[in-house]
Each structure stands twice: as C-alpha cells, then as structure tokens.
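Everything below concerns the one structure shown next.
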Amino acid sequence: MGISPYAAIVIGSKNMLMKVYEISGGKGFRTVDEIRYEYELGKEAYFTRKITFAQIEEICNVLMEFQQRMREYAITEFRCYATSAIRNAKNQVSVLNQIKIRTGQLKILAVRRIRSRKVTAVI
C-alpha cells in the first residue's frame with residue numbers, strides 16, 4: 001500500500017485546526033502539516049447559545065481555506081468535527097446547514113465522540 005494523505009479538521013470554541021497526515025500501511029500516521037486559526041466562537045456562543053451570522057461567515061471562510069490546502073495535498077479523505085460551541089447552540093441545525101451549503105463538499109456524515117468529549121457532527 002502506498003502513502004495516502006488525510007486531513008482532520010476541528011471547529012473548536014477558540015480555534016479551528018486542520019492537521020494533514022500521511023497514512024502508510026507499514027509506518028502508520030505521520031503529521032505533514034498543521035494549520036490553526038484563532039478566533040472567539042465560544043465566548044459569545046456560550047453566553048447567548050447562538051452562533052451569529054458573522055461567526056458562520058468566519059467559520060466558512062476558514063473552511064474554504066482549509067479546502068484549498070486539501071486540494072494542494074490532493075486529499076480526498078478527511079473528517080471535520082464540530083465541538084461544544086456548535087453542539088450547544090440553539091441554532092445548531094441552521095449553522096451546520098449553512099456550513100454545508102457554503103463550503104460545498106463538506107457534508108454531515110454522523111454524530112460521534114472524540115476521546116471523552118461529545119462532538120456535534122462529522123461534517
């Protein structure tokens with residue numbers, strides 16, 4: 001088996017992170033790149049329990065930048081996880097729908113857990 005590129009994206013309350021990995025049958029995972037975007041989604045989201053239009057725009061813009069980087073690495077396999085700021089938002093369904101509409105290829109696949117934290121959705 002050859003080397004396959006893979007990306008994992010986390011939409012957190014204080015930052016968005018994308019890690020790019022090479023997966024090899026014999027050697028396992030190797031981190032190739034890490035891109036972090038700092039922002040303040042959590043503060044307002046936890047207080048109002050809503051994600052604002054401006055915050056959705058910011059999330060989508062960063063995700064589109066991440067998608068461009070994935071194209072540069074020829075990544076076809078990836079997962080995008082949304083954490084508690086989105087999970088606890090009253091407008092969660094609307095937020096996830098907007099992300100899906102605006103980013104094109106990012107789709108909601110399943111609800112899962114990462115480690116001991118609940119995760120809203122795999123996008």
The test is side chain to side chain contact (heavy atoms under 4.5 Å, CB included); show your working for Tyr39 and Gln55 and say whether it passes. CA-CA 9 Å; Tyr39 68 134; Gln55 290 169 322; over 6 Å; no
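- Heavy atoms from other residues, nucleotides or ligands lying under 6.0 Å from CD of Glu77 number 12 at most.
- The pair Asp33-Arg69 meets the salt-bridge criterion, with a side-chain N (NZ, NE, NH1 or NH2) lying under 4.0 Å from an Asp/Glu carboxylate O.
- Under a hydrophobic-cluster definition in which Ile, Leu, Val, Met, Phe, Trp and Tyr are linked whenever side-chain heavy atoms come within less than 4.5 Å, directly or via other members, Leu63 and Leu17 are assigned to different clusters.
- From Lys100, atom NZ reaches atom CG of Asn97 across 7.0 Å, with rounding to the nearest 0.5 Å.
- Inter-residue side-chain proximity for Glu34 and Val20 is flagged as unmet; no heavy-atom pair is nearer than 4.5 Å.
- If you take CD1 on Ile59 and CE on Met64, they are separated by 11.5 Å, rounding to the nearest 0.5 Å.
- For the atom pair Ile23 CD1 and Ile3 CD1, the distance stands at 11.0 Å (nearest 0.5 Å).
- Using a 4.0 Å cut-off between a side-chain N of Lys or Arg and a carboxylate O of Asp or Glu, Lys27 and Glu22 do not qualify as a salt bridge.
- Applying the 6.0 Å contact sphere to CZ of Phe29 captures no more than 12 heavy atoms from other residues, nucleotides or ligands.
- A heavy-atom distance below 4.5 Å is not found between the side chains of Glu58 and Asn61.
- Checking Tyr37 against Asn15 by side-chain atom types alone, no donor-acceptor pair falls below 3.5 Å.
- Between Tyr21 and Ser4, the side chains place no donor N or O within less than 3.5 Å of an acceptor N or O (distance only, hydrogens not considered).
- Residues Thr103 and Gln67 meet the side-chain proximity criterion, which asks for heavy atoms closer than 4.5 Å.
- Separation of atoms OH (Tyr46) and OG (Ser84) is listed at 2.5 Å; rounding is to 0.5 Å.
- Results of the side chain to side chain contact (heavy atoms under 4.5 Å, CB included) test with Ile56 over Val95, Leu41, Ile86 single out Val95 as the only residue that passes.
- At a threshold of 4.5 Å between non-hydrogen side-chain atoms, the residues Glu38 and Met16 do not count as touching.
- The shortest distance between side-chain heavy atoms of Glu65 and Met18 does not fall below 4.5 Å.
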